[in-house]
Novice: 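This structure is in structure tokens; I'll ask about it shortly.
All values reported here derive from a predicted model rather than from experimental measurement.
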Amino acid sequence: MHFPDSVRIVEVGARDGLQNESAHVDTTTKLELIRRLADSGLRHVEAASFVSPRWVPQMADHREIMLALAEHDTRGVTTYSALTPNLKGLEAALECGVREVAVFGAASESFSQRNINCSIAESLQRFAPVMARAAAAGVRVRGYVSCVLGCPYEGEIAPEQVAAVARELRDMGCHEVSLGDTIGTGTPLKAKQMLERVSREVPVERLAAHFHDTYGQALANLYAVMEEGIAVIDSSVAGLGGCPYAKGASGNVATEDVLYLLQGMGIDTGVDLARLAATGDWISRKLGRPNGSRVGQALMANG
Ligand SMILES: CC(C)(COP(=O)([O-])OP(=O)([O-])OC[C@H]1O[C@@H](n2cnc3c(N)ncnc32)[C@H](O)[C@@H]1OP(=O)([O-])[O-])[C@@H](O)C(=O)NCCC(=O)NCCSC(=O)C[C@@](C)(O)CC(=O)[O-]
């Protein structure tokens, strides 16, 4: 068995998590959440989406969020990134001083249509000018592939299809490709097989795992793909989130749960679990929702 010595966590709670909250979350609360996440030692916090407010109203304050972060983050130790599905989104993000963005595609045609209103091929065409403009501005681009272990509309997705989209994203210049189990239907062997196929096209060092926990498999799936060399994990404080276009999807795997697993494996992340658990407890209370992290619940119950 070979596991990575250290793992980089990409905290997506403020974006993937909050985008799915039905009640409005105000900008001050979001900024407080992001500040607390960074203070717990997280060095990559995905903070907003420059998408249409008609499609995702919860992300409508992307400008205010990213401008505030650019103004206050003078130390530059934490990367605050944002999603930009097209050139319009990227231009707006650049105006706010964003230093890293992400484009997001899917391995499923139906999900692509429902999520970003275009086919997979059209989405890749839309990303091309985003990549060129970002490169000219010296901004790094991450790529996402949704539905890597199943689609809410199409069911099974062939690993070849995931590998093809991941490769396109890598070839167009994404520094990292994050593999999203959007509806959390994956299981460890399936996750391994998918990764084995994708890593023939994109080196595993350039891949990240973005697993939702709908069926309670996310930690097992992460363990399986770490065994194959995955060393970047996307997770969400208190397991916040879901996906507006994937009915029944629960949040991303909780960051607290991932940290606990990694600590038990002797793998370093540089994140303070106790502080993060307190933040998970705080945001869950603020949103009036149960804490989606088992580890967070246990730590809070034990004081
Ligand atoms: C992609 C679009 C914009 C295409 O939407 P469209 O309707 O095809 O785009 P359009 O170019 O025809 O524009 C329509 C309207 O949207 C506006 N518009 C156009 N672009 C932007 C923009 N960037 N920012 C703000 N506004 C924008 C544009 O100005 C226009 O406004 P109108 O004239 O009607 O008032 C739309 O489908 C959209 O916003 N989708 C949101 C998708 C989304 O945010 N999904 C959730 C994130 S992905 C995810 O969660 C999965 C992930 C990444 O976590 C991995 C996983 O778990 O699987």
Novice: Given 3.5 Å as the limit, does a donor-acceptor pair link the side chain of Asp213 with the main chain of Ala218, or not?
Specialist: yes
Novice: Do you see a donor-acceptor pair shorter than 3.5 Å between the side chains of Asp61 and Thr27?
Specialist: yes
Novice: Could you tell me which non-hydrogen atom of Leu87 sits nearest to which non-hydrogen atom of Pro129, and how far apart they are?
Specialist: CD1-O, 3.7 Å
Novice: Going hydrophobic residue to hydrophobic residue with side-chain gaps under 4.5 angstrom, can you get from Leu31 over to Val45?
Specialist: yes
Novice: Can you see which heavy atom on Gln217 is nearest to which on Pro188, and at what distance?
Specialist: OE1-CD, 4.0 Å
Novice: Within the structure provided, determine whether Val25 and Gln58 are in side-chain contact (heavy-atom separation under 4.5 Å).
Specialist: yes
Novice: Regarding Glu176 and Arg170, does a basic nitrogen lie under 4.0 Å from an acidic carboxylate oxygen?
Specialist: no
Novice: Could you give the distance from CG (Asp281) to CG (Asn291), rounded to the nearest 0.5 Å?
Specialist: 6.5 Å
Novice: Would you call Ser119 and Gln113 a side-chain contact if the rule is heavy atoms closer than 4.5 Å?
Specialist: yes
Novice: If you round to the nearest 0.5 Å, how far is CD of Glu109 from SG of Cys147?
Specialist: 11.0 Å
Novice: Look at the side-chain heavy atoms of Ile, Leu, Val, Met, Phe, Trp and Tyr, link any pair under 4.5 Å apart, and say whether Leu240 and Met300 land in one connected group.
Specialist: no
Novice: Salt bridge check: are Asp234 and Arg15 linked by an N-O gap of less than 4.0 Å?
Specialist: no
Novice: For side-chain contact (heavy atoms from CB on, under 4.5 Å), just list the numbers for Thr29 and Ile283, CA-CA rounded to whole Å, side-chain angles, deciding distance to a tenth of an Å, and then say yes or no.
Specialist: CA-CA 8 Å; Thr29 302; Ile283 190 65; 4.0 Å; yes
Novice: Ignoring hydrogens and angles, tell me if any N or O in the side chain of Thr84 forms a donor-acceptor pair with the backbone of Asn86 under 3.5 Å.
Specialist: no
Novice: If you compare all heavy atoms of Phe127 against all heavy atoms of Pro85, which two are closest, and at what distance to 0.1 Å?
Specialist: CE2-O, 3.5 Å
Novice: Check whether any side-chain heavy atom of Leu207 sits under 4.5 Å from a side-chain heavy atom of Ser199, and report yes or no.
Specialist: yes
Novice: Is Glu160 salt-bridged to Arg200, going by a charged N under 4.0 Å from an acidic O?
Specialist: no
Novice: For the pair Tyr144 and His210, name the ring-plane relationship: parallel under 30°, tilted 30 to 60°, perpendicular over 60°.
Specialist: perpendicular
Novice: With a 4.0 Å cut-off on N to O distance, would you call Glu227 and Lys192 a salt bridge?
Specialist: yes
Novice: Do Leu222 and Met265 belong to the same hydrophobic cluster, where Ile, Leu, Val, Met, Phe, Trp and Tyr are linked whenever their side-chain heavy atoms lie under 4.5 Å apart, directly or via other members?
Specialist: yes
Novice: Find out whether Val225 and Phe211 are in side-chain contact, i.e. whether some heavy atom of one side chain is under 4.5 Å from a heavy atom of the other.
Specialist: yes
Novice: Kindly indicate, with the supporting measurements, whether the criterion side-chain contact (heavy atoms from CB on, under 4.5 Å) is fulfilled by Asp181 and Met194.
Specialist: CA-CA 11 Å; Asp181 182 12; Met194 179 277 296; over 6 Å; no
Novice: Please check if the number of heavy atoms outside Glu91 that lie under 6.0 Å from its CD is greater than 12.
Specialist: yes
Novice: Do Ser236 and Asp16 have a side chain donor and acceptor closer than 3.5 Å?
Specialist: no
Novice: Go through it in stages, so that I can follow the logic: the residues are Lys286 and Glu32, the test is salt bridge (charged side-chain N to carboxylate O under 4.0 Å, His left out), and I'd like the CA-CA distance, side-chain angles, deciding distance and then a yes or no.
Specialist: CA-CA 11 Å; Lys286 197 93 186 158; Glu32 175 66 13; over 6 Å; no
Novice: Do Tyr80 and Val98 have side-chain heavy atoms sitting under 4.5 Å apart?
Specialist: no
Novice: What I'd like to find out is whether the side chain of Phe104 reaches to under 4.5 Å of the side chain of Leu83, using heavy atoms alone.
Specialist: yes
Novice: Is a salt bridge present between Arg289 and Glu21, judged by a nitrogen-to-oxygen distance below 4.0 Å?
Specialist: yes
Novice: Are Leu219 and Tyr215 connected, step by step, through hydrophobic side chains (Ile, Leu, Val, Met, Phe, Trp, Tyr) whose heavy atoms are closer than 4.5 Å?
Specialist: no
Novice: Are Val237 and Trp282 in one and the same hydrophobic cluster, where Ile, Leu, Val, Met, Phe, Trp and Tyr link if side-chain heavy atoms are under 4.5 Å apart?
Specialist: yes
Novice: Which pair of heavy atoms, one from Ile116 and one from Ser123, lies closest together, and at what distance?
Specialist: CD1-CB, 3.7 Å
Novice: When you measure from the side chain of Glu154 to the backbone N and O of Ser110, does any donor-acceptor pair fall under 3.5 Å?
Specialist: yes
Novice: Dump the intermediate steps for side-chain contact (heavy atoms from CB on, under 4.5 Å) on Ile267 and Asp5, then the final yes or no.
Specialist: CA-CA 6 Å; Ile267 296 177; Asp5 296 331; over 6 Å; no
Novice: What is the distance from atom OG of Ser6 to atom CG of Asp268, rounded to the nearest 0.5 Å?
Specialist: 6.5 Å
Novice: Can you check whether Leu299 reaches Arg294 side chain to side chain, under 4.5 Å on heavy atoms?
Specialist: no
Novice: Are Glu122 and Arg126 ion-paired here, with the side-chain N under 4.0 Å from a carboxylate O?
Specialist: no
Novice: Can you tell me if Ser112 uses its side chain to pair, donor with acceptor, with the backbone of Ser108 under 3.5 Å?
Specialist: no
Novice: At their closest point, which heavy atom of Phe111 faces which heavy atom of Cys151, and how far apart are they?
Specialist: CB-SG, 4.2 Å
Novice: Leu195 and side chain to side chain contact (heavy atoms under 4.5 Å, CB included): which partner among Leu179, Val162, Val148?
Specialist: Leu179
Novice: Pair Ser235, Asn252 - check side-chain hydrogen bond (donor to acceptor under 3.5 Å, both in side chains), show working.
Specialist: CA-CA 6 Å; Ser235 59; Asn252 291 90; over 6 Å; no
Novice: Examine the side chains of His44 and Ser81 and answer whether a donor and an acceptor come within less than 3.5 Å of each other.
Specialist: yes
Novice: Is Arg114 close enough and on-axis enough to Tyr153, meaning under 6.0 Å and within 45°, for cation-pi?
Specialist: yes
Novice: Got a second to check how far Asn221's CG is from Thr185's OG1, nearest 0.5 Å?
Specialist: 9.0 Å
Novice: Once you round to the nearest 0.5 Å, how far does CZ of Arg140 lie from CD of Glu100?
Specialist: 4.5 Å
Novice: List the atom of His62, the atom of Val51, and the distance in Å for their closest heavy-atom pair.
Specialist: CE1-O, 3.5 Å
Novice: When rounded to the nearest 0.5 angstrom, what is the spacing between CZ in Arg275 and CD in Glu256?
Specialist: 14.0 Å
Novice: Within a reach of under 6.0 Å around CG of Leu67, are more than 12 heavy atoms found that belong to other residues, nucleotides or ligands?
Specialist: yes
Novice: Step by step, would you call Glu64 with Lys30 a side-chain contact (heavy atoms from CB on, under 4.5 Å)?
Specialist: CA-CA 10 Å; Glu64 291 85 341; Lys30 288 182 185 171; over 6 Å; no
Novice: So, do Val295 and Leu259 sit near enough that their side-chain heavy atoms are less than 4.5 Å apart?
Specialist: no
